[in-house]
Number of protein chains: 2
Amino acid sequence: MAETPGGDKVRDALRAAHLYYLQDLTMEAIASELHTSRSSVSRLLGFARDTGLVEIQVKSPADRVSSIQDRIKERFGITAHVVPVPDSTAEVDRLERVAMSAARILGPFFDSNMTMGIAWGSTLSAVSRHLQEKVTHNSQIVQLNGASNARTTGIGYASEIMSRFGTAFGAYVQQFPVPAFFDDPRTKEVLWRERSIRRVLEIQKHMDIALFGLGSAYADVPSHVYVGGYLDDDDFQALTHSDVVGDVATVFYRADGSSDDIPMNARSSGPSLSLLSKVSRRVCVVSGRSKLPALRGALAAGVMTDLIIDEATAHSLVEG
Amino acid sequence: MAETPGGDKVRDALRAAHLYYLQDLTMEAIASELHTSRSSVSRLLGFARDTGLVEIQVKSPADRVSSIQDRIKERFGITAHVVPVPDSTAEVDRLERVAMSAARILGPFFDSNMTMGIAWGSTLSAVSRHLQEKVTHNSQIVQLNGASNARTTGIGYASEIMSRFGTAFGAYVQQFPVPAFFDDPRTKEVLWRERSIRRVLEIQKHMDIALFGLGSAYADVPSHVYVGGYLDDDDFQALTHSDVVGDVATVFYRADGSSDDIPMNARSSGPSLSLLSKVSRRVCVVSGRSKLPALRGALAAGVMTDLIIDEATAHSLVEG
DNA sequence: AAGCGCAATGCACATATGTGCACGGCGTAG
DNA sequence: CTACGCCGTGCACATATGTGCATTGCGCTT
C-alpha cells in the first residue's frame with residue numbers, strides 16, 4: 001500500500017462509478033465484479049462523488065420558453081443559474097442553499113491549467129464551505145482584494161476561504177496580503193509598484209474565472225465589508241455621497257454601473273471593474289432580495305457573465 | 001395542460017433535479033417543497049435523467065499514471081475511454097455493455113447546432129439502442145454510407161439506427177439512400193454529381209462528430225457488411241488480395257492504414273478516410289479482441305480521435 | 001515476538017428509492 | 001348526459017442504498 005497509496009482506491013472507485021453510472025449496474029452486481037461487499041461499493045461510489053470522479057450537471061434545456069433564466073438572458077445578456085428555494089426559507093438558509101448550488105455549478109467551470117480569482121465575504125465563505133473536491137493540475141486560486149483592516153489582519157477569515165478553494169481543487173493558492181482599503185491612496189500606488197505585489201496583480205490579470213458576491217450596505221445581512229470595521233463613519237458618508245449602491249471585491253459602483261470618481265476606489269485593493277471585465281468568465285453569486293439594488297448596479301456595470309441567484313430574487317429582478 | 005403540455009413536468013423535473021443533485025435534499029424533502037408525493041419525485045427524477053436534464057459524467061483524473069488510457073494516448077495519440085467489463089463476459093454482453101457506455105459517453109459530445117455523421121452496423125445498432133435522450137436544437141444526424149444492397153434496401157436496418165439517434169437528440173435526420181456498394185464505380189461517379197446526393201455529401205463534409213464501429217471479416221461476430229449479402233465471393237477475394245484488414249463505414253484499409261488503390265473503395269458509398277480525418281471529433285466504438293487487427297489498422301490510418309473500447313481489448317492493444 | 005493503532009471490511013439494520021396497482025379527475029366519443 | 005379511456009397520483013410493498021459498529025488484517029513500535 002506504500003506504492004499506490006489509494007491509487008487502487010481511485011481505480012476501483014472509477015471502475016465502480018463507470019459500472020454504476022454508465023452501465024446501470026446495481027451496487028450488488030458491481031460488488032461481485034469487484035470481489036468485495038456491497039457496502040464497500042456504496043462507499044467507493046460516495047468517494048467517487050466527493051472526489052469529483054463523477055460530475056453531475058443539471059442542464060436547463062434552452063427551449064423552455066420564457067423561463068426566468070431566459071428573461072434574464074434577454075434583458076441583461078448574461079447566463080443566469082436560478083436556484084430553487086422555497087419562498088418561506090429564512091435568509092440564512094437561503095444563502096446556504098444558493099451557496100451549495102453555486103459550489104456545484106462552479107465545478108464544471110474550473111479545470112486544470114486555469115486560474116480563478118476569488119473575492120471574500122459572507123457569500124464566498126458560504127460557497128467555500130460547500131465545495132466538492134475536484135482534482136485539477138497546474139491551476140491556481142488568486143485572491144482578488146486584500147482583507148486586513150485597522151482592527152484585524154483579516155487573514156484568518158479570507159485565507160480560510162482561499163484555502164478551502166485551494167484544497168477542493170488541488171490548486172495553488174495565491175494570497176493577497178494587503179489591507180482591504182488603504183488609508184492613503186498613495187500608499188497603494190507605491191505598494192503596487194513592489195514586485196511581490198505586481199506578481200499577484202499579474203496573476204489576477206490572467207485569471208480565467210472570477211468569482212465574487214456583491215456587497216451592499218442595505219442588505220439584511222449587511223456585507224462583511226460594512227460591518228467588519230473596514231470602513232469608518234467618514235467612509236460611509238463618502239460612499240453615500242457618491243451614490244454608491246454596492247461593491248464587488250471592495251470596488252464600489254453606482255446604480256448606473258459607473259465606478260469612476262468614487263474616491264474610495266482609489267484606496268481599495270480590489271481590481272477595477274474594467275480590469276475585471278476582461279476576464280472571460282465572471283461569476284457572481286447573489287442571495288436575497290435586499291441585494292437587488294446592488295445587483296442592478298452590477299448588471300449595469302456589466303461585471304458578470306454568469307449569475308447564480310435564488311429564485312425569489314431572480315423573480316424580483318425581472319419583475320420590478 | 002393544453003398550453004404547457006409537459007412544460008410543467010419539465011419545470012418540476014428540473015427543479016427536483018436541482019434540489020436533489022445540487023442541494024442534496026432527499027426526495028421526501030423535495031416532495032414537500034413541490035407539494036407532491038415522494039413517489040412522484042422519484043418519477044420526476046427518473047424523467048429528468050432519461051431526458052437528459054441531468055448529465056452524469058465519469059471523469060478519469062489525468063494523473064493516474066500508466067493507466068491503460070494513458071498508455072493508449074501515448075502510443076496512438078488518441079483519447080481512449082476504456083469500458084470495464086469482466087473478462088468472463090460473453091461477447092454479446094460485452095458489446096452490449098460497451099455500447100451502453102458509449103451511448104452515455106457520447107451525450108456530452110453532442111450538442112445544439114452540431115452535425116453528427118454515423119455509420120451503421122452491429123456496433124452502431126447496439127449503441128443506438130442505449131442512447132439517452134438529450135434535447136438539442138438545430139442539430140442533425142447524417143448517414144455516412146449507403147445501406148441497400150442487391151437483396152434488400154437495407155433501409156429498415158440503417159434507418160432504424162438513424163432514427164433512434166434522431167429522436168434521442170431531437171435532431172434532424174439525413175438519410176443517405178444509396179447502395180452500400182455500387183456494382184460499377186461509374187454509377188457512383190455519376191450519382192455523386194446529382195444535387196440531391198451532393199447535398200448529403202455537403203452535410204457530411206461539415207459534420208462535427210463522426211461515429212463509427214469497425215468492420216472486420218475476421219471478427220467472431222462478423223460485421224454486418226460481411227454477412228448481409230453486401231459482398232459476393234469475387235469481392236471477398238478482391239479484398240483479401242488487397243490485404244484489407246478492416247473497414248470504416250464500408251471504406252476498406254490495410255494494416256498500415258493505407259486505403260488507396262483498393263478497388264472496392266471506388267465502389268463504396270462511404271466517405272474516404274481522408275475526408276473523414278477532417279472531422280474534428282471522430283469516435284470509434286470497438287468491442288471484442290477479434291477486432292484487434294482492424295483496430296490497429298484504423299489507428300495506423302488515424303481515423304479516430306476518440307476510442308471507446310472494452311477493457312480486455314484495450315489491454316491486448318497495448319500489450320501485444 | 002507480542003502489543004498497539006490505523007484503516008479497511010462486512011454485517012445488520014436504518015433509510016432512501018423504485019414500482020405495480022388501484023383510484024379519481026378530466027376530456028372525448030357516443 | 002353517460003360511458004369510456006387516458007393520464008397523473010399516492011399507497012404499500014419490494015429493492016436498493018447508506019452507515020454505525022465490531023472484527024480483521026497489517027505494519028510498526030516496544
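Within every chain, numbering begins at 1; the chains are lettered A, B, ... in the order of the sequence lines, protein sequences first and strands thereafter.
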Please list, for nucleotides 10-14 of chain D, all pairs of protein and nucleotide N/O atoms separated by less than 3.5 Å.
unit_1	atom_1	unit_2	atom_2	d
D:dG10	OP2	B:T36	OG1	2.8
D:dG10	OP2	B:S37	N	3.0
D:dG10	OP2	B:S37	OG	2.8
D:dG10	OP2	B:S40	OG	3.0
D:dG10	N7	B:R43	NH2	3.0
D:dG10	O6	B:R43	NH2	2.9
D:dC11	N4	B:S39	OG	3.4

Task: Separation of atom CZ in B:F47 from atom C1' in C:dG18, rounded to whole Å - done: 17 Å
Task: Strand contacts (DNA chain C) in residues 20-28 of chain A, 4.0 angstrom heavy-atom criterion - done: none
Task: Residues in side-chain contact (heavy atoms from CB on, under 4.5 Å) contact with A:T79, at least two apart in sequence or another chain - done: A:K73, A:H81, A:D306
Open item on the list: Using whole Å, what does the distance between atom C1' of nucleotide D:dT19 and atom CG of A:D50 come to?
Closed with: 14 Å
Task: A:S42 side-chain N/O to D:dG18 phosphate OP1/OP2 under 4.0 Å - done: yes
- [ ] Using a 4.5 Å cut-off on heavy atoms from C-beta on, say whether the side chain of B:S32 contacts that of B:E28.
- [x] no
Open item on the list: A:S112: which residues meet the side-chain contact (heavy atoms from CB on, under 4.5 Å) condition with it, sequence neighbours left out?
Closed with: A:T136, A:H137
Open item on the list: Nearest whole Å is fine: how far is C:dT19 C1' from B:R49 CZ?
Closed with: 13 Å
Open item on the list: Going by the rule side chain to side chain donor-acceptor pair (under 3.5 Å), which residues pair with A:S39 if we only count those two or more places apart in sequence or in a different chain?
Closed with: none
Task: ring pair (Phe, Tyr, Trp, His ring centres under 6.0 Å) against A:F165, all qualifying residues, sequence neighbours excluded - done: none
Task: Any residue meeting side chain to side chain donor-acceptor pair (under 3.5 Å) with A:R94, in chain and number order, not counting sequence neighbours - done: A:D310
TODO: Tell me, please, which residues at least two apart from B:D50 pass side-chain contact (heavy atoms from CB on, under 4.5 Å).
DONE: none
- [ ] Please list all pairs passing the salt bridge (Lys or Arg N to Asp or Glu O under 4.0 Å) test where one or both residues lie in residues 79-89 of chain A, with sequence neighbours left out.
- [x] none
Task: For atom CG of B:L45 and atom P of D:dA16, their distance in whole Å - done: 18 Å
